[in-house]
There are 2 protein chains.
Amino acid sequence: MNVTIKDVAKRANVAPSTVSRVIADNPRISKETKERVWKAMEELGYYPNAIARSLASKVTNTLGLIMPRSTEEAFSNPFFPEVMRGISVVAHREKYDLLLSTSGNQEEEKEAVINMVKGKRVDGIILLSSRTTDELIPWLRDEKFPFVVIGKPLDAKGVYWVDNDNIGASKLATNYLIKHGHREIAFISGSLEYVVSLDRLDGYKLALEENGIPFKRELVEQDEFSEDGGYRAMMRILEREKPTAVVVTDDVMAFGVIRAAIDKGYRVPEDISIVGFNNIPLSAFANPPLTTIDISTFDLGIKSAELLIARLKQKDVDTDHIIVPVKLVERKSCVAR
Amino acid sequence: MNVTIKDVAKRANVAPSTVSRVIADNPRISKETKERVWKAMEELGYYPNAIARSLASKVTNTLGLIMPRSTEEAFSNPFFPEVMRGISVVAHREKYDLLLSTSGNQEEEKEAVINMVKGKRVDGIILLSSRTTDELIPWLRDEKFPFVVIGKPLDAKGVYWVDNDNIGASKLATNYLIKHGHREIAFISGSLEYVVSLDRLDGYKLALEENGIPFKRELVEQDEFSEDGGYRAMMRILEREKPTAVVVTDDVMAFGVIRAAIDKGYRVPEDISIVGFNNIPLSAFANPPLTTIDISTFDLGIKSAELLIARLKQKDVDTDHIIVPVKLVERKSCVAR
DNA sequence: AGAAGAAATGCAATCGGTTTCATTTTAAAG
DNA sequence: CTTTAAAATGAAACCGATTGCATTTCTTCT
């Protein structure tokens with residue numbers, strides 16, 4: 001069998017508990033003993049069993065990552081790899097590993113979280129996006145399990161979260177179009193079951209209101225977070241309206257929106273201007289290059305991991321949320337009228 | 001404290017071992033007892049502790065994913081999220097979770113693997129790319145630990161791997177350019193410490209040879225797998241040569257190559273034709289849309305996970321490797337001369 | 001030299017399960 | 001109504017660590 005702490009103990013002529021303390025570099029063990037034990041570990045090629053250690057110490061040094069919906073779907077949108085990139089940087093720095101649950105739908109997602117939490121497999125959890133109907137958030141809060149949500153939850157009481165100022169960001173995008181002389185501005189977002197969609201819709205409405213432009217329900221559509229989703233939503237709008245500009249809350253969707261506009265015989269940006277969200281790498285290379293709101297996806301990852309780990313280390317952290325700034329990246333998908 | 005198997009046992013008036021058997025749905029337990037135990041579990045809100053279970057059973061239902069170099073870097077190239085997407089589909093189907101180690105360099109990578117393997121944290125490992133100088137592969141093989149490599153290892157003896165026919169793929173790309181009348185064809189790849197770069201270089205040479213075109217060392221460059229890397233490599237070539245076409249073994253690098261060509265006053269594709277590799281989403285939208293070799297990245301993920309899990313389930317699998325087919329996607333970055 | 005306190009180490013319980021083997025219960029057979 | 005085998009359950013060891021508390025050893029002081 002494998003070499004265990006006991007084998008090392010025997011070889012070094014000490015008790016297993018002593019070996020354990022040597023591993024932890026406990027100051028109550030004398031220099032000499034430590035050296036003897038280290039030598040024994042070296043000679044036997046000992047390596048601690050992380051599972052056993054976790055069981056005894058109740059610490060896993062692992063962060064759980066929960067993706068929205070199916071893991072498969074999530075990986076299709078560049079947003080998630082990018083936020084994971086941020087998370088991984090911090091996780092690495094702080095010596096945490098990442099456990100990805102692979103769920104297929106909302107029910108499995110719940111199951112996955114329960115498995116992580118009750119199964120004691122992780123020290124904390126990052127939810128990669130917050131849904132309005134999320135049962136996970138209240139559940140985790142009630143369990144008093146450390147977690148951080150990317151995206152402000154509907155009910156943020158007692159939960160730690162990291163997000164952009166989505167209302168402000170959406171106002172920024174809409175105002176940009178208004179300043180360029182647009183008044184018939186459509187708004188396309190992902191499902192309204194995501195808080196982020198709701199917030200951005202609010203920002204859009206606010207911008208209109210502040211500029212005395214009446215809100216028209218017919219100019220608003222939702223669909224899934226994909227190129228096709230954007231295409232379908234835009235098609236529906238173009239069936240009934242003639243917007244001169246559109247705010248799309250996701251760059252991937254924006255590509256679909258552009259495609260729909262072109263299929264309907266419009267030119268972008270000459271006939272219809274477009275502002276996207278997220279500033280994914282593709283956006284700079286799109287045709288036309290997409291004007292978009294850069295939400296600092298990478299930082300969203302960084303901050304959420306930092307917040308979670310801070311919470312893990314000291315029971316109480318001064319802030320319960322972090323707002324990551326956004327900025328508008330001007331490219332070629334908008335035109336003044 | 002938490003509800004354990006013992007609490008359930010007490011409540012159901014059975015021994016802990018019986019409860020354990022009920023969880024495993026062992027047929028040697030009577031229907032009535034099972035029902036009594038289930039009821040007790042339900043009433044107490046029992047959930048098995050995965051860590052304890054792993055410790056005893058030596059099974060984790062987790063797959064380890066090892067990214068090349070820094071995890072951060074890996075997430076920047078769309079290749080990796082896409083292969084992970086494939087892996088996650090299979091993992092989900094087979095009820096495995098994914099453990100991502102977060103390493104920063106080659107040394108830490110080794111450390112991470114040792115931690116996973118010796119720490120007994122995973123049942124098997126997928127290496128997301130194989131380096132020529134990889135110590136990991138021989139080490140894992142010697143440990144007799146189940147693992148699969150994406151990318152054919154230099155020494156494939158006794159290791160399971162999934163890859164494209166990279167030599168063939170590279171021949172395909174090069175021949176395509178040759179058929180379009182090009183003879184001064186440059187070749188840009190990532191570092192030659194990756195087997196994939198080596199193989200593709202071989203394919204390139206082979207294609208030249210078969211068409212009686214002399215190989216010129218000056219037309220070949222390597223750099224890191226990034227846009228900048230491609231830019232630098234192309235710049236170096238353009239300092240000394242005047243190729244009419246170039247094969248670039250990574251789409252992200254190809255964008256840099258295009259940028260370099262344009263900076264040097266060439267037009268793409270009119271002056272210089274480009275063929276990329278990987279067919280990442282961005283490629284279709286690039287300017288010009290990139291002609292590229294589609295290596296079925298998603299399938300690479302699917303197949304590697306399937307191969308690993310097959311190996312986990314039955315000690316011996318009939319094949320030790322899988323070749324995923326490639327195809328050339330013709331777009332607008334090449335022109336005949 | 002003996003007592004007291006500090007330093008170093010060991011003992012044994014514990015974490016929460018699984019699994020082998022023994023024991024009890026039940027059913028079938030003689 | 002035994003005998004015997006099969007079925008169901010329990011007892012206890014084990015997986016590989018950690019940790020509270022007890023014990024031994026070493027200093028230091030009187």
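We name chains A, B, ... by the order of the sequence lines, and we start the count at 1 in each one.
Regarding K58(A), its NZ atom lies at a distance of 13 Å from the P atom of dG20(D), rounded to whole Å. Here dT9(D) presents its C1' atom at 10 Å from CZ of R36(B), a figure rounded to the nearest Å. Atom CD1 in I51(B) sits about 13 Å away from atom C1' in dG16(D), given to the nearest Å. In this entry the distance linking NZ of K10(B) with C1' of dG17(C) reads 15 Å, nearest Å. Computed from coordinates, the I5(A) CD1 to dC14(D) C1' distance equals 16 Å when rounded to whole Å. Atom CD of E35(B) and atom P of dT9(D) are 12 Å apart (whole Å). Between the CZ atom of R121(B) and the C1' atom of dC15(D) there is a distance of 17 Å, rounded to whole Å. In this structure, K6(B) places its NZ atom 9 Å from C1' of dG17(C), rounding to the nearest Å.
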Assess the residue pair T62(A) and R121(A) against the criterion (side-chain contact (heavy atoms from CB on, under 4.5 Å)); give the C-alpha distance rounded to whole Å, side-chain angles, the decisive distance to 0.1 Å, and a yes or no. CA-CA 7 Å; T62(A) 304; R121(A) 292 171 53 113; over 6 Å; no

The test is salt bridge (Lys or Arg N to Asp or Glu O under 4.0 Å); show your working for E82(B) and R85(B) and say whether it passes. CA-CA 5 Å; E82(B) 181 66 4; R85(B) 191 167 70 91; 2.9 Å; yes

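Take the nearest nucleotide of DNA chain D for A52(B) and for K31(B): the residue whose nucleotide is more 5' is K31(B). Where E32(B) and Y46(A) meet DNA chain D, the nucleotide closest to each residue was compared, and E32(B) sits on the side nearer the 5' end.
Counting non-hydrogen atoms under 4.0 angstrom, V14(A) reaches the backbone sugars and phosphates but no base. Among the atoms of the strands shown, only primed sugar atoms or phosphate atoms (P, OP1, OP2) are found under 4.0 Å from some heavy atom of N13(A).
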Protein N or O to nucleotides 19-24 of chain C N or O, pairs below 3.5 Å:
from: dT20(C); atom 1: O4; to: R21(B); atom 2: NH2; distance (Å): 2.5

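Classification of R93(A) and E306(A) as a salt-bridged pair holds, one side-chain N sitting under 4.0 Å from a carboxylate O. Salt-bridge formation is detected for the pair K34(B)/D25(B): a Lys NZ or Arg NE/NH1/NH2 atom is positioned less than 4.0 Å from an Asp or Glu carboxylate oxygen.
Applying the 6.0 Å contact sphere to NZ of K10(A) captures no more than 12 heavy atoms from other residues, nucleotides or ligands. Residue E43(A) places its CD atom among more than 12 non-hydrogen atoms of other residues, nucleotides or ligands, all under 6.0 Å distant. Atom CD of E35(A) is surrounded by more than 12 heavy atoms from other residues, nucleotides or ligands within 6.0 Å.
When each of dT9(D), dG10(C), dT18(C) is scored by its nearest atom to the side-chain atoms of S30(B), the top-ranked nucleotide is dT9(D). Considering only side-chain atoms of T4(A), the nucleotide from dC15(D), dG16(C), dA17(D) that sits closest is dA17(D). The side chain of R53(A) sits closest to dA17(D) out of dG16(D), dA11(D), dA17(D).
In terms of phosphate contacts, K34(A) brings no side-chain nitrogen or oxygen within less than 4.0 Å of OP1 or OP2 of dA8(C).
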